[in-house]
Each structure stands twice: as structure tokens, then as C-alpha cells.
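Chain letters run A, B, ... following the sequence lines, proteins first and then strands; every chain starts at 1. For the numbers below, each heavy atom of this structure counts, side chains included, while hydrogens, waters and symmetry mates do not. These numbers come from a predicted model, not from an experiment.
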Amino acid sequence: MTKLPTQPYKGARDFYPEDKQLQNYLFGVMHSVCSRYGYEEYDAPILEPTDLYLQKGNEEIIKEQTYTFEDRGGRSVTMRTEMTPTVSRMVAGKRQELGYPLRWYSIPQCWRYERMQRGRGREFYQLNVDIFGELFVSAEHELIMLISDLLKSYGADESMYEIHINSRSFMKEVFFNRLALSEGKDADLNRLIDKKAKMPEEKFYAELEELLSDEDNSHEAVLLLKSLLSNRKTPNSLGDLPNEVLEHESLGDVKQLFDLCKASGINNVFFNPAITRGFDYYTDIVFEVFDTHPDNNRSMFGGGRYDSLIADFGVESVPTVGFGMGDHTLQNFLELHNLLPELTTQTDVYAVCVGDTYQAALDIVTTLREQNINVAFDVSNRKIEKTIKTAEKKGITYVLFVGQAELDSGQLSLRNIKTGEETEAGIDEIIQKLLS
RNA sequence: GUGGAUGUAGUUCAGUGGUAGAGCACCAGAUUGUGGUUCUGGCUGUCGCGGGUUCAAAUCCCGUCAUCCACCCCA
């Protein structure tokens with residue numbers, strides 16, 4: 001007989017109880033912070049019609065990096081790779097009856113058919129937070145505050161991460177009005193800029209010159225981009241952008257956003273023209289959150305404004321700002337900064353049936369459970385020390401022994417295995433002790 | 001998709017051509033109702049899988065699969 005493998009499917013994770021416990025903690029913080037900002041949770045099927053993802057010329061990506069297959073009815077379905085198309089679909093479907101601005105969040109599991117590497121599997125959870133129907137930069141500001149509170153709630157402080165923002169509409173103005181790039185050049189340029197952080201400086205500028213070599217004002221363009229991309233980082237300000245672009249109208253929102261951040265005491269937001277975000281659907285302000293830890297100095301997650309995605313469903317557009325944060329990267333961040341909490345079991349008591357007392361012991365266990373005390377009941381009748389070892393292994397603080405002697409005297413024996421302290425008392429007193 | 005490393009007990013790993021090993025973990029006993037130390041005993045293997053070379057392969061060769069790392073990609 002061939003052995004069945006015990007490993008989970010490639011790129012996907014098993015959540016053993018301790019893993020699930022950690023996940024519950026991570027998600028619990030998300031739920032509580034999102035709720036605190038008035039965001040409501042939603043969910044949707046993990047399968048979507050493939051067409052939903054085919055909108056923006058993403059065919060290459062769909063073919064190679066998704067789980068796409070035919071259902072029994074011959075329909076092409078795709079496991080969701082992100083939540084934004086789904087939530088846009090949902091909002092578009094009920095746009096008339098929803099009260100705007102709409103604040104929604106979700107923690108969907110998503111699947112991408114990727115090649116494996118550190119911090120990236122094929123299955124992940126992603127917190128998605130979106131605000132629909134708000135044109136003013138208060139929406140961006142609110143999400144930045146929410147992100148700050150979220151990371152703060154995990155124990156992080158502002159020195160551990162930076163929020164970098166840029167404006168798509170600003171870059172577009174620079175590309176087309178300032179540099180007069182030819183049509184279609186912006187996508188290539190964006191892609192190159194997106195990779196800037198990952199390549200040596202000389203190589204980047206060599207490729208930049210190569211890319212722009214056939215432009216009319218190639219030299220001037222390279223110079224301007226150089227000065228843009230080497231923008232000095234200054235908190236809550238545009239930095240030292242060249243004067244020729246500084247007064248540009250598209251930067252108005254950005255300045256306003258910085259003012260709002262400053263006023264709310266957030267001091268790690270920077271202007272960074274190298275932030276582009278891969279998505280085509282972003283239209284205006286985009287942002288990314290960077291880990292400042294030297295071993296993980298990279299973008300963790302990000303988001304931005306997409307004002308026209310919902311219009312793809314053939315309805316009037318709804319301005320939207322949102323971000324998505326993956327659980328792998330969050331966990332990496334927390335691990336690296338030593339912010340993962342020590343998790344403790346939910347089980348309060350390990351009750352051990354000693355000898356032939358099953359029914360009477362069960363009655364006591366039931367009484368405890370009726371008081372909302374979490375009790376695991378051990379009826380193995382193994383040696384006492386073994387049961388204590390088991391309880392210890394599970395991280396349970398209390399062990400309660402129920403044997404004939406206790407039943408006769410009515411005095412139960414409760415041991416705290418972390419301190420060694422042992423209490424002999426009646427059931428009521430035991431309950432009081434456990435509830436305190 | 002490309003390149004590299006690794007694959008031996010539940011786990012971490014040693015073993016470089018000649019009988020398959022150790023620590024930890026697990027089970028049991030020393031101790032018939034009270035843990036963490038100690039001592040004793042025990043269990044666990046198609047040496048990833050398939051083929052080849054050889055008198056003989058965990059070991060050398062080829063293939064394959066899996067894992068990890070880097071690249072490519074990353075909505």
C-alpha cells in the first residue's frame with residue numbers, strides 16, 4: 001500500500017491549533033480596529049467567473065497565475081486572487097440601495113498560482129479595507145489612520161514602518177505634459193520605476209535612458225525623472241521636488257493629505273515618486289507601507305484610489321480608496337520586530353477522572369461548563385503524572401483531579417501546574433477560583 | 001520558467017562503496033493518587049521514488065518528484 005502524503009497541498013498551509021490561534025489573534029486585531037472605524041464586514045464566494053478578472057488586459061496573468069478551470073456546466077471559473085474585483089462587483093450590484101460613503105472590510109482567503117518563495121505562498125489571507133463614495137482625501141487619510149492604529153495595535157511603533165505615497169495623476173501629468181512621452185510609454189516606465197528599488201542604481205538609469213532614448217526630449221526627461229526619483233524623504237511633506245513640478249495642481253490633494261496626517265499626529269508618511277503599484281486600476285493617490293527593519297526593508301502592502309473600477313460594471317462610477325494587506329507579510333513583519341504575542345490556550349481546566357468515577361466526574365465537569373469554564377475531560381485513567389504532562393504540554397494552567405476520595409469528602413483537588421499551588425475546596429469555591 | 005542546495009526514524013541530523021545510527025520526542029517501568037530532574041527498557045525506516053554501474057549502493061551515475069534559497073513574475 002502506498003502511503004498518502006501528510007503534507008498540505010503545495011504552497012498552501014495547514015493551520016494546526018497553535019497556527020490557528022495565531023491567526024485568530026491576527027484577525028481579531030483586524031476585526032476590532034476595522035470595527036472601531038465603522039467598517040462593516042462582508043464576504044463572497046471564493047470562486048468567480050473568469051471574466052471578472054479579464055477586464056484590464058490581464059490575460060497573461062490570468063493564464064499563468066491563477067487557478068482557473070471549467071465547472072461541470074462548462075463555465076470558466078477562477079479562484080479569487082484578490083478581493084477588489086469582487087467587492088466592486090458587489091457594490092455595483094447594489095449601488096442604488098447602499099448608503100455612501102460605504103465602509104467595508106473583509107479578510108478573504110485568496111489563491112494565486114505562483115512560484116514559491118519566502119513570504120509568498122499560493123494561498124494567503126488578505127485584509128481588504130475600502131471606502132466607497134468619498135472624493136475628498138479624507139478617505140485616504142482615514143485609511144492611513146486605520147493602518148497606523150492597526151500596526152500600533154499589534155505593538156508596532158512608527159519607527160518600524162513608513163508609509164510612502166505618490167500620485168498617479170501627478171505622474172501622468174509629468175509623463176505626458178512635462179515630458180511629452182509617446183502614447184503607451186507610461187506603462188513601461190511605470191514598470192521600470194516599480195523595479196527601481198530592486199536593482200543597482202546604475203543599471204536602473206541605464207535602462208531608463210534606453211527606454212527614453214527615442215523620445216524627443218530624452219535627455220531632459222531623464223534628468224527630470226532622476227531628480228524626481230531621488231526625492232529626499234521628509235515626513236509629511238513633498239520633500240525637495242524640483243520647482244518646475246512643485247506647483248502642479250495634481251499635488252494639491254497630496255499636500256492636503258500630508259496636512260491631515262500631521263494634524264492627527266502621524267509622522268511617518270513620505271512622498272515617494274517611485275511608488276507606482278502594479279495595478280492598472282489605480283487612478284490617483286497610491287501608497288505603500290514599508291518595513292524599516294534592515295532584514296526586511298521592503299514594501300509590505302499598499303493601496304490607493306481607484307475611481308473608475310465600479311464603472312466597468314456599466315453603472316455610474318463610485319470613487320473608492322482601499323488597501324489590501326496579506327497575512328504572510330504581516331506575520332513576517334511582526335516576527336522580525338518581535339511583536340508576536342505568547343498565545344495561551346482557551347482551555348481553563350484539564351479535569352482528570354481518577355479511578356472508576358466517570359459519571360460523578362462528568363457531573364462536575366458539566367457543572368463547570370455551565371459556568372462557562374472551558375474544560376477538557378481526561379478519562380484515560382493513565383498514571384496521574386502522565387495526565388499532568390499532557391495538560392502542561394497543552395499549556396493548560398489548572399488540573400482538577402476527581403477520584404473517589406474527593407467525591408467522598410466533597411473537597412476537590414485543583415492544581416495550578418504553573419505555580420505548583422494546590423487548592424482543596426468544594427465545587428463552589430473551585431468555580432470562584434477558576435472564574436477569577 | 002531558470003540556476004543552486006537538500007531529501008536517512010515522529011523530529012533534528014550523523015553516516016562518502018561492506019550488518020541502518022544518535023539526540024530530542026513518544027510509549028512503558030523504577031513510583032498502585034500528583035509533572036518538569038534522574039535511571040532503565042521499548043517503538044518507529046522501501047535511506048523520497050525509478051532506473052543504471054558494482055560481488056556489494058543511503059553512499060557513485062542518470063532520470064524523476066518534493067522541499068528550501070536566489071532569479072523571473074507579482075493584480
Side-chain angles (χ1 to χ4, degrees), chain A residues 1-3 5-12 48 52-66 78-88 110-122 124 126 128 187 190-191 194-195 197-199 276-282 286 288 298-304 306 309 322-324 326 328-329 350-357 361 378 380-409 411-424:
Chain A
M1 188 176 108
T2 54
K3 276 195 236 168
T6 57
Q7 289 165 329
Y9 170 71
K10 186 184 174 77
E48 289 282 2
L52 184 66
Y53 300 104
L54 288 175
Q55 291 295 323
K56 300 265 179 186
N58 284 338
E59 279 171 57
E60 205 61 24
I61 283 173
I62 294 303
K63 255 186 230 152
E64 294 182 9
Q65 299 201 10
T66 64
T78 298
M79 288 171 82
R80 66 181 167 213
T81 57
E82 55 161 335
M83 204 54 164
T84 305
T86 297
V87 72
S88 298
C110 300
W111 290 80
R112 293 180 186 174
Y113 199 91
E114 306 218 50
R115 288 144 210 150
M116 310 285 308
Q117 63 180 267
R118 178 178 149 79
R120 210 173 70 188
R122 291 178 165 181
F124 59 94
Q126 189 185 53
N128 277 256
N190 260 330
R191 200 165 304 125
D194 195 36
K195 286 196 291 191
K198 292 175 194 163
M199 53 170 79
T276 67
R277 304 287 295 156
F279 285 118
D280 288 334
Y281 55 61
Y282 290 114
V286 290
E288 282 188 14
R298 61 172 183 173
S299 168
M300 295 194 291
F301 63 95
Y306 49 105
L309 197 54
F323 73 88
H328 282 107
T329 43
Y350 198 70
V352 180
C353 174
V354 181
D356 191 16
T357 57
D378 185 319
S380 66
N381 252 318
R382 288 176 300 165
K383 293 176 63 168
I384 296 294
E385 64 183 88
K386 300 297 178 191
T387 62
I388 294 175
K389 267 191 180 172
T390 302
E392 188 190 20
K393 191 176 212 172
K394 293 176 190 296
I396 300 169
T397 304
Y398 288 102
V399 180
L400 182 71
F401 301 100
V402 186
Q404 199 53 53
E406 285 80 2
L407 292 171
D408 291 345
S409 69
Q411 294 294 101
L412 298 174
S413 170
L414 181 73
R415 170 178 275 232
N416 181 325
I417 54 180
K418 289 183 178 143
T419 63
E421 175 202 1
E422 187 151 342
T423 309
E424 304 234 346

Which base sits across from U37(B) as a Watson-Crick or G-U pair, both distances under 3.5 Å? none
At their closest point, which heavy atom of Tyr306(A) faces which heavy atom of Ser88(A), and how far apart are they? CE1-OG, 4.1 Å
Given atom CD of Glu114(A) and atom P of C73(B), what is their separation to the nearest angstrom? 13 Å
Grab the NZ-C1' distance between Lys389(A) and G33(B) for me, whole Å please. 17 Å
Checking base pairs now: Watson-Crick or wobble, both atom distances under 3.5 Å. What partners U6(B)? A66(B)
Both Glu424(A) and Arg382(A) contact RNA chain B. Which one's nearest nucleotide lies toward the 5' end? Arg382(A)
Could you work out the separation of G18(B) and A58(B) based on their C1' atoms and round it to a whole Å? 13 Å
In the structure shown, which nucleotide is the Watson-Crick or G-U wobble counterpart of A25(B), with both distances under 3.5 Å? none
Please state the P separation for the pair A5(B) and G63(B) - nearest whole angstrom. 13 Å
Contact class for Ser413(A) vs. all strands (heavy atom < 4.0 Å): base, sugar-phosphate, or nothing? base
Write down the atom of Trp111(A), the atom of Ala12(A), and the distance for their closest heavy-atom approach. CH2-CB, 3.8 Å
Report yes or no: is there a donor-acceptor pair, N or O only, under 3.5 Å between the side chain of Arg112(A) and the base of C74(B)? no
Under 4.0 Å between any heavy atoms, over every strand shown, what does Gln126(A) touch: base, sugar-phosphate, or nothing? Just pick one. nothing
Please report, rounded to the nearest Å, how far the P atom of G35(B) is from the CZ atom of Arg415(A). 6 Å
Set of side-chain contact (heavy atoms from CB on, under 4.5 Å) partners for Glu114(A), sequence neighbours left out: Gln65(A), Arg112(A), Arg120(A)
In whole Å, measure the gap between the P atoms of U37(B) and C24(B) for me. 11 Å
Which atom names give the shortest non-hydrogen contact between Glu406(A) and Ser413(A), and what distance separates them? OE2-CB, 3.8 Å
Arg382(A) versus Thr390(A), side-chain donor and acceptor atoms under 3.5 Å: yes
Identify the nucleotide, in any strand shown, that forms a Watson-Crick or G-U wobble pair with G1(B), with both distances under 3.5 Å; if there is none, say none. C71(B)
Whether Phe301(A) and Phe323(A) hold their rings parallel, tilted or perpendicular, with breakpoints at 30° and 60°: tilted
Glu406(A) side-chain proximity, nearest of G33(B), U31(B), G35(B): G33(B)
Interatomic distance, SG@Cys110(A) vs CD@Gln126(A), rounded to 0.5 Å, equals 5.5 Å
Take atom CZ of Arg277(A) and atom P of C74(B), then tell me their distance rounded to the nearest Å. 13 Å
Once you round it to whole Å, what is the distance between P of G35(B) and OH of Tyr350(A)? 16 Å
Select from Glu392(A) and Thr66(A) the residue whose nearest nucleotide in RNA chain B is closer to the 5' end of that strand. Glu392(A)
Interatomic distance at C1', A25(B) relative to A66(B), whole Å: 25 Å
Restricting to non-hydrogen atoms, name the atom on Val399(A) and the atom on Ala391(A) that form the minimum distance, rounded to 0.1 Å. CG2-CB, 3.7 Å
Which residues satisfy the side-chain hydrogen bond (donor to acceptor under 3.5 Å, both in side chains) test with Thr78(A), sequence neighbours excluded? Thr50(A), Thr68(A)
Please determine whether a side-chain nitrogen or oxygen atom of Lys393(A) lies at a distance below 4.0 Å from atom OP1 or OP2 of C26(B). yes
Roughly how far apart, to the nearest Å, are C68(B) and G48(B) at atom C1'? 15 Å
P atoms of G7(B) and G15(B), separation to the nearest Å: 10 Å
Just the rounded figure in Å: distance from P of C74(B) to OH of Tyr282(A). 15 Å
Could you measure between the two C1' atoms, the one in A56(B) and the one in U16(B), and give it in whole Å? 15 Å
Send over the distance from Arg115(A) CZ to C68(B) P, rounded to a whole Å. 16 Å
Atom pairs under 3.5 Å: protein N/O with N/O of nucleotides 65-67 of chain B:
residue: U67(B); atom: OP2; partner: Lys10(A); partner atom: NZ; Å: 2.6

Ignoring backbone atoms, test whether Lys195(A) places a side-chain nitrogen or oxygen under 4.0 Å from the OP1 or OP2 oxygen of C73(B). yes
Among U34(B), A28(B), U31(B), the one nearest Ile388(A) by side-chain distance: U34(B)
Between C43(B) and A22(B), how far is it from one P atom to the other, in whole Å? 12 Å
For U44(B), the Watson-Crick or wobble counterpart (both distances under 3.5 Å): none
At under 4.0 Å between heavy atoms, what does Ala405(A) touch on the DNA or RNA strands: base, sugar-phosphate, or nothing? base
U53(B): pairing nucleotide in any strand, Watson-Crick or G-U under 3.5 angstrom: none
Write down the partner of U16(B) under the Watson-Crick or G-U wobble criteria, each distance required to be under 3.5 Å. none
Nearest-Å distance, CZ (Phe401(A)) to C1' (G33(B))? 8 Å
Just to be sure I understand the rule, does Gly420(A) reach a base, reach only the sugar-phosphate, or reach nothing, if contact means heavy atoms closer than 4.0 Å? base
Hey, are Arg415(A) and Glu421(A) close enough for a salt bridge, meaning a charged N less than 4.0 Å from a carboxylate O? no
